[in-house]
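Written below as C-alpha cells is the structure these notes are about.
Just so you know, these numbers use all the heavy atoms, side chains as well, and skip hydrogens, waters and symmetry mates. First the proteins, then the strands, lettered A, B, ... as listed; each starts at 1. Everything numeric in this text was worked out from a predicted model, so none of it was measured.
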Amino acid sequence: MSEITLEDIASLAKRRGFIYQGSEIYGGLAGTWDYGPLGVALKRNITNAWWKFFVESRDDMYGIDSAILMSPKVWEASGHVAGFTDPLIEDVKTKKRFRLDHLLEDAGVDIKGMNLEQMVASLKEKGIKSPDGNDLANPANFNLLFETAIGSVEGGGSKVYLRGETAQGMFVNFKNIVDSFYPDIPFGVAQIGKAFRNEISPRDFVFRVREFEIAEFEYFINPTHWEAEFEKWRVAMHDWCELLGLPADKIHELEVPAEDRAHYSKRTIDFEFDFPHGKKELYGLAYRTDFDLINHQTASGKSMEYRPKDGSTPFIPHVIEPTFGVDRTLLAVLAAAYTEDEVGGEKRTYLKLPKDLAPVKAAVSPLLKNKPELVSKAREVYDTLKKELGAVMWDDNGNIGKRYRRQDEIGTPACITIDFQTLEDNTVTVRNRDTAEQTRVAIDSLLHNL
RNA sequence: GCGGGUGUGGUAUAACGGUCAUUACUCCAGUUUUCCAAACUGGCUACGGGAGUUCGACUCUCCCCACCCGCACCA
C-alpha cells in the first residue's frame, strides 16, 4: 500500500463528482475549484456540523452572514489596504523576488510609514544587494485584496474590495449585535462565508486558492482573563477535529513566535495537519486583542464600548478568534478518510467518512435488476428512505459487488440490498462500508438501524 | 512571480510528420448474474488553447492557459 498523494485524492474527487477544476472547459482558472454534487454535499455536511457545534448548541454565539462587498473604509481601518501588501523586489541575475521591507529591516532600517519609493531610495542609499549578492530592480507592491468597482460605467465608479477575510464583517456588526441582543460578555459572533485573496501562486489542489470559504467566530471577552478563554477554545478546536474523524496524531499545534505573528496578535496557535503534501496549516487560533474594535471606533467615530449590566466600568472587549478554512477541512477529511484495503482478495479504495459527513447516507439496490419483483420492492424501500433521509442513492448498475465498490469510493456507510428473502419476510441486507459485513434487518427497523 | 517538468476520452495510458489515434478500467444500453469491480454484445467520449513551419502537425517552433516539483510568498 503506497503513500497516498494529493493527486490520488484529486483524481477520485474528479472521477466521482466531488471537485472539478474551475472553468475547466476553457482551460481552467488558476486557484479556483468547483464543487460537484457529492463535494457540495460533503461541504454542507461539514459546515452544518460546524454551525451546530459552535453556534446552535451554545447560548453565547450569534450567527451572521455579512456582505462580501464592504465599504473600502473597512479595509483601510483594518490595515488590509496597507498591510495586506507585500513590497517585492527582484534580483536582476537570478530573477528571484525578495521582500523589500524584510531586506531593509535586516539592514537595520526603520521602515515605518515608508512608501515603495522611499524604501527603494533607502535601499540604494545603503547599497543593499540581494541575498544572492546581485543588484536589485523592479520593485512592485503585491496586494492580496481583489479589487472591483461599483458602478456600471467602465473606468468610472468607485473602487471596492472583495473581502480578504470574513472577520471584518463580524467586527463591523459588533454594535448591531449588542444593540439587538445585549448579550452578557463573553459572547461570540460567527459566520461562514467566502473570502478572496489574490495569491501569487495558488497551490496544492484546494489547499491554497484564490476564492475560499472560511468558518470563524470572534469571541468577545473581558481581557482580564484572556488566557482562560484562549485555552477553552484551544480545547474545543481539538474536539471539533475529533468530530471530523481527523486522527489526533495528525494534528499538531504550532505556537507562532512573536516575530511571525500578525501585527495585532498577542498569541497565535496554528493547528497543523499532516496532509498528503506535508504538515501544513489547517486552522488558526489568535488572540486579536482590541485591535479591530479600536480601529473601527477610531475610523468610524462610533463607540465600541461594552457596558456591563452590573454597572462596572465600560470597556472595549478583546477578541479570541478561531478560524477554520472550510476547503482545507474538506481536504483533510478526504485525506483522513481515504483508505485502501482488500476484500475477497481484491484491492478496494474507500472513504472512511464519519456517518454524519458522508454525502450519501445509504444506497438501495435490487439484488438483480432483471427481476421485476425485486426491482419494485427495492423502489418501495428506496422511496421510503429517500423521504426520510434525503441523501439516499438508487444503484442498479452492473452487479452487486460493483455497486458496493462504487459506494465505497464515495464513502456511503450502508448499502441496502433487496433479495428474494425480502419478498418473503420483509427483511433486507445492510452491508457495512468499513467491514464489508452484512446483517439482515427488517424493513420496518431500517431507519432506526441507519 | 522565478526556475524545472507535464498536458492524448471520466480515469490511467500507447503510438506516429501521412488512412477512421491504441489499450484497460469507468460510464451508457442490453443479455446474463441469488451478495463483493465475473462474462457476453453494442455504444458515447480525447490529442489544453492560439498562431507559425509544412502539400500535410497530436507529433516540430513560438505565445498563452492549467497542473505538478523547487524557490519566494503565505495578516
Side-chain angles (χ1 to χ4, degrees), chain A residues 5-8 10-17 20-32 36 75 78-80 82-91 93-99 102 130-132 138 140 142-145 164-165 167-168 197-205 207-208 256 260-265 268 270 277 280-281 284 286 288 291-292 321 323 342-350 365-371 374 397-409 415-423 428-433 436-438 440:
Chain A
T5 64
L6 227 39
E7 279 186 312
D8 293 331
S11 168
L12 182 140
K14 164 112 201 259
R15 193 154 31 92
R16 292 303 187 188
Y20 310 112
Q21 167 82 61
S23 310
E24 192 181 17
I25 63 167
Y26 290 105
L29 180 65
T32 64
W75 304 107
S78 71
H80 282 82
F84 225 49
T85 302
D86 295 331
L88 297 181
I89 193 157
E90 196 177 284
D91 181 309
K93 265 208 181 130
T94 63
K95 302 280 184 188
K96 282 185 190 168
R97 279 179 192 279
F98 299 94
R99 284 279 293 266
H102 288 180
S130 100
D132 295 345
N138 302 323
F142 286 82
N143 195 302
L144 292 177
L145 285 180
E165 61 174 31
Q168 297 306 322
R197 284 183 200 175
N198 214 341
E199 294 286 351
I200 295 173
S201 56
R203 273 293 167 86
D204 303 319
F205 194 34
F207 183 81
R208 182 179 309 156
V256 181
D260 294 341
R261 259 181 260 151
H263 50 70
Y264 50 73
S265 178
T268 300
D270 282 349
H277 62 297
K280 307 272 180 177
E281 183 180 347
R288 281 179 91 128
F291 177 83
D292 299 276
E321 178 197 70
T323 304
E342 281 191 8
V343 168
E346 293 278 342
K347 210 184 98 173
R348 72 161 179 156
T349 301
Y350 70 105
S365 304
L367 179 60
L368 299 172
K369 72 168 166 183
N370 63 347
K371 298 284 185 287
L374 287 182
N397 177 280
N399 61 51
I400 192 70
K402 203 161 164 176
R403 292 172 218 158
Y404 289 157
R405 294 306 170 85
R406 215 147 86 135
Q407 295 300 326
D408 281 341
E409 258 198 332
C415 290
I416 294 153
T417 302
I418 282 70
D419 59 16
F420 291 97
Q421 194 183 328
T422 310
L423 302 177
V428 295
T429 63
V430 177
R431 181 260 194 188
N432 180 288
R433 174 195 67 200
E437 279 167 5
Q438 301 181 83
R440 268 214 100 78

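Nucleotide B:G52 is matched to B:C60 when pairs are restricted to Watson-Crick or G-U wobble geometry with both distances under 3.5 angstrom. Checking B:C67 for Watson-Crick or G-U wobble geometry (two distances, each under 3.5 Å) identifies B:G5 as its partner. Across all strands shown, B:C28 is found opposite B:G42 as a Watson-Crick or G-U wobble partner, with both distances under 3.5 Å. Pair assignment for B:C20 gives none, since no Watson-Crick or G-U wobble pairing has each distance under 3.5 Å.
A:R261 comes within 4.0 angstrom of nothing in the nucleic acid, heavy atoms only. Nucleic acid contact class of A:R348 (heavy atoms, under 4.0 Å, all strands): none. No contact: A:G284 has no heavy atom under 4.0 Å from any strand. Backbone-only engagement by A:R15 is indicated by non-hydrogen atom pairs under 4.0 Å involving sugar-phosphate atoms exclusively. Residue A:Q438 is in base contact, counting any heavy-atom pair closer than 4.0 Å across all strands shown. Counting any heavy atom pair closer than 4.0 Å across all strands shown, A:T429 reaches a base atom.
Judged by the 6.0 Å distance and 45° axis criteria, A:R288 is not positioned over the aromatic ring of A:F291.
A:E24 has its CD atom 14 Å from the P atom of B:A46, to the nearest Å. For the pair A:R208 CZ and B:C67 C1', the interatomic distance rounds to 15 Å; values are reported in whole Å.
Remark: of the listed residues A:L367, A:T422, A:D419, A:T422 is the sole one forming a side chain to side chain contact (heavy atoms under 4.5 Å, CB included) with A:V428.
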Just the table, please: protein N/O against nucleotides 31-34 of chain B N/O, every pair under 3.5 Å.
from, atom 1, to, atom 2, distance (Å)
B:U33, O4, A:K369, N, 3.4

Output a table of nitrogen or oxygen pairs between the protein and nucleotides 63-65 of chain B separated by less than 3.5 Å.
from, atom 1, to, atom 2, distance (Å)
B:C65, O2', A:G27, O, 3.2

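Contact of the A:Q21 side chain with the A:K14 side chain is not registered, since no non-hydrogen atoms from C-beta on lie closer than 4.5 Å.
In this structure a side-chain-to-backbone donor-acceptor pair under 3.5 Å is missing from A:R433 to A:D408. Of the possible donor and acceptor atoms, one in the side chain of A:R403 sits under 3.5 Å from a partner among the backbone N and O of A:N397.
With 3.5 Å as the limit, one finds a donor-acceptor pair spanning the side chains of A:Y404 and A:T417.
Judged as a side chain to side chain contact (heavy atoms under 4.5 Å, CB included), and not counting sequence neighbours, the contacts of A:T323 are A:I214, A:E216, A:E321. In this structure, the salt bridge (Lys or Arg N to Asp or Glu O under 4.0 Å) partners of A:R406, at least two apart in sequence or on a different chain, are A:D395. With sequence neighbours left out, A:F205 forms a ring-ring contact (aromatic ring centres under 6.0 Å, His included) with A:W33. Every residue two or more places apart in sequence or in another chain that forms a side chain to side chain contact (heavy atoms under 4.5 Å, CB included) with A:T5 is listed here: A:E7, A:D8.
When the nucleotides B:G10, B:C28, B:C73 are ranked by their closest atom to the side chain of A:K14, B:G10 comes out on top. Here B:A12 is the nucleotide among B:C36, B:A12, B:U26 with the atom lying nearest to any side-chain atom of A:S11. Set against B:A37, B:C73, B:C69, the side chain of A:R203 has B:C69 as its closest nucleotide. Distances were taken from every side-chain heavy atom of A:K402 (C-beta onward) to each of B:A72, B:C36, B:A38; the shortest belongs to B:A38.
Between A:D204 and A:R431, the residue anchored closer to the 5' end of RNA chain B is A:R431, taking for each the nucleotide with the nearest heavy atom. The 5' end of RNA chain B is approached more closely, in terms of each residue's nearest nucleotide, by A:N397 than by the other of A:N397 and A:R440.
Residue A:R406 places at least one side-chain N or O closer than 4.0 Å to OP1 or OP2 of B:C27.
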